[in-house]
Amino acid sequence: MGVFALVAIVAPLAAQSLAGRVTAARDGLVVFHFAARPGVCSDGLHFMRIGSSFRGEMSGSREDAPCVAGPVQVRLSLRDGAVDRVETWVGTLRSHDGRDFGAVPAHEAAQFMLSIAAHGNGGPGANALMPAALADSSIVWPALLAIARDSATRSRGTRQDASFWLSRFAAARLGGAHGDVLDDDGDDGRDDAMDLKQHAVFVLSQLPHQEGVPALLDVARTNSNRRVRSRALFWLGQSGDPRALNLFESLLM
């Protein structure tokens, strides 16, 4: 047996890469957690807040539910060494079925989740994007852009999810947050005129056959109010239009 093989066997589990530990697990469930970006919180079950945006179910009965900042917790379902399912929680650490790897570096977790997204498709590939985007201090937008543009091998849903996260990184960049995902609307003020402008942006987003995309691009590039630009970027992120991806890239470079 070679020296390197022997070292690999006797090396402490914590010294192995996350990818190596997952590969060694082969089958079943594995759990790990890592630091989330500042401003990300959740009730742990129904909704997640990312800056001023919400994902999940935010009913009236949950408006007063505590939104707990905390690590990103991921559970992978493995079958024959391949990732079959990705589940993600944020907030207070909870016990979940599966072999618990404990805390891992956020950057390493982000890169590993992006590798799942890049090489897998369907549910696991798309679901790996969110934990990658939420990993603290990780630059992930170039990989997201590559996935969003890959119409040859990526499903439409996976590309749309990548485009959504790109729109949030681009909106954050408008506020001077480099490499962040938070789309804080800032202190531009809120009034009836502002609500009308945001409604107009929404109307543009609903025009058929991408007819509103040129106007949304113009709003995102030139409007004087950051909140209005952020909403235009959000809807461009839902469009899947290649012109929107070009704008995101120009803002993030």
Side-chain angles (χ1 to χ4, degrees), residues 4-5 7-42 44 48-51 55 67-78 81-120 123-148 158 161-162 164-166 168-169 172-173 177-183 252:
F4 293 108
V7 170
I9 291 174
V10 301
L13 192 61
Q16 297 180 26
S17 70
L18 176 59
R21 294 164 72 183
V22 171
T23 299
R26 294 287 305 167
D27 290 285
L29 302 171
V30 298
V31 182
F32 54 90
H33 64 272
F34 51 91
R37 296 181 186 275
V40 177
C41 64
S42 172
M48 182 185 305
R49 192 176 74 202
I50 307 165
R55 286 175 69 85
C67 195
V68 179
V72 181
Q73 190 171 15
V74 173
R75 181 168 66 182
L76 305 179
S77 176
L78 307 175
V83 176
D84 190 54
R85 186 180 183 187
V86 178
E87 299 172 275
T88 304
W89 300 269
V90 170
T92 304
L93 284 177
R94 302 175 186 273
S95 177
H96 296 287
D97 291 340
R99 180 194 235 171
D100 194 346
F101 290 165
V104 300
H107 174 73
E108 182 181 3
Q111 295 307 307
F112 177 63
M113 300 313 296
L114 286 173
S115 73
I116 295 174
H119 298 100
N127 292 338
L129 295 176
M130 181 169 71
L134 297 180
D136 188 34
S137 304
S138 298
I139 305 300
V140 298
W141 71 262
L144 293 175
L145 185 64
I147 291 170
T158 299
D161 279 358
F164 164 79
W165 290 110
L166 285 166
R168 298 303 82 205
F169 281 111
R173 179 63 65 89
H178 293 261
D180 209 343
V181 73
L182 301 185
D183 56 331
L252 292 165

Asker: Assess the residue pair F112 and V104 against the criterion (side-chain contact (heavy atoms from CB on, under 4.5 Å)); give the C-alpha distance rounded to whole Å, side-chain angles, the decisive distance to 0.1 Å, and a yes or no.
Answerer: CA-CA 11 Å; F112 177 63; V104 300; over 6 Å; no
Asker: Provide the closest heavy-atom pair for A110 versus A135 in the form atom of the first, atom of the second, distance.
Answerer: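 For A110 and A135, the tightest heavy-atom pair comes out as CB-CB, 3.6 Å.
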Asker: Roughly how far, to the nearest 0.5 Å, is CE of M48 from SG of C67?
Answerer: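 Between atom SG of C67 and atom CE of M48 there are 9.0 Å.
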Asker: Given side-chain contact (heavy atoms from CB on, under 4.5 Å), test L29 with S77 step by step and report yes or no.
Answerer: CA-CA 5 Å; L29 302 171; S77 176; 3.8 Å; yes
Asker: For residues 82-89, please give each side-chain donor-acceptor pair under 3.5 Å, one per line with the distance, not counting sequence neighbours.
Answerer:
from, atom 1, to, atom 2, distance (Å)
E87, OE1, R75, NE, 2.9
E87, OE1, R75, NH2, 3.0
E87, OE2, R75, NH2, 3.3

Asker: Supply the atom-to-atom distance L252 CG to F169 CZ, rounded to the nearest 0.5 angstrom.
Answerer: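 That separation rounds to 8.0 Å.
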Asker: Begin from the C-alpha positions of L129 and I147 and carry the test side-chain contact (heavy atoms from CB on, under 4.5 Å) through to its verdict.
Answerer: CA-CA 10 Å; L129 295 176; I147 291 170; 3.9 Å; yes
Asker: Distance from Q73 atom CD to T92 atom OG1, nearest 0.5 Å?
Answerer: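 Rounded to the nearest 0.5 Å, the CD-OG1 separation comes out at 10.0 Å.
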Asker: What pair of heavy atoms forms the shortest contact from G70 to V90, and how long is it?
Answerer: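 In terms of heavy atoms, the two residues are closest at O-CG1, 4.0 Å.
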Asker: How close do G20 and S17 get, counting heavy atoms only, and between which atoms?
Answerer: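 What the structure gives for the nearest pair is N-OG, 2.9 Å.
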Asker: Looking only at heavy atoms, which two atoms of I139 and P142 are closest? And how far apart?
Answerer: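 Minimum heavy-atom contact is CG2-CD, 4.0 Å.
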Asker: To the nearest 0.5 Å, how far apart are CG in L18 and CZ in F32?
Answerer: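 Interatomic distance, L18 CG to F32 CZ, rounded to 0.5 Å: 5.0 Å.
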Asker: Kindly indicate whether the side chain of S138, heavy atoms from C-beta on, has any atom under 4.5 Å from the side chain of R37.
Answerer: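 Contact flag for S138/R37 side chains = yes.
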Asker: Over all heavy atoms of both residues, which pair between P131 and N127 is shortest? Give the atoms and the distance, please.
Answerer: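 Nearest pair, atom of P131 first, then N127: CD-O, 3.2 Å.
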Asker: Looking at every heavy atom in both A143 and L114, which two are closest together, and how far apart are they?
Answerer: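 Shortest heavy-atom separation between A143 and L114 comes out as CB-CD1, 3.7 Å.
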Asker: Mind checking the CG-CG spacing from L166 to L144? Nearest 0.5 Å is all I need.
Answerer: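 L166 atom CG to L144 atom CG measures 5.0 Å (nearest 0.5 Å).
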Asker: Please round to the nearest 0.5 Å and tell me the distance separating atom CD1 of I50 and atom CH2 of W165.
Answerer: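 I50 atom CD1 to W165 atom CH2 measures 3.5 Å (nearest 0.5 Å).
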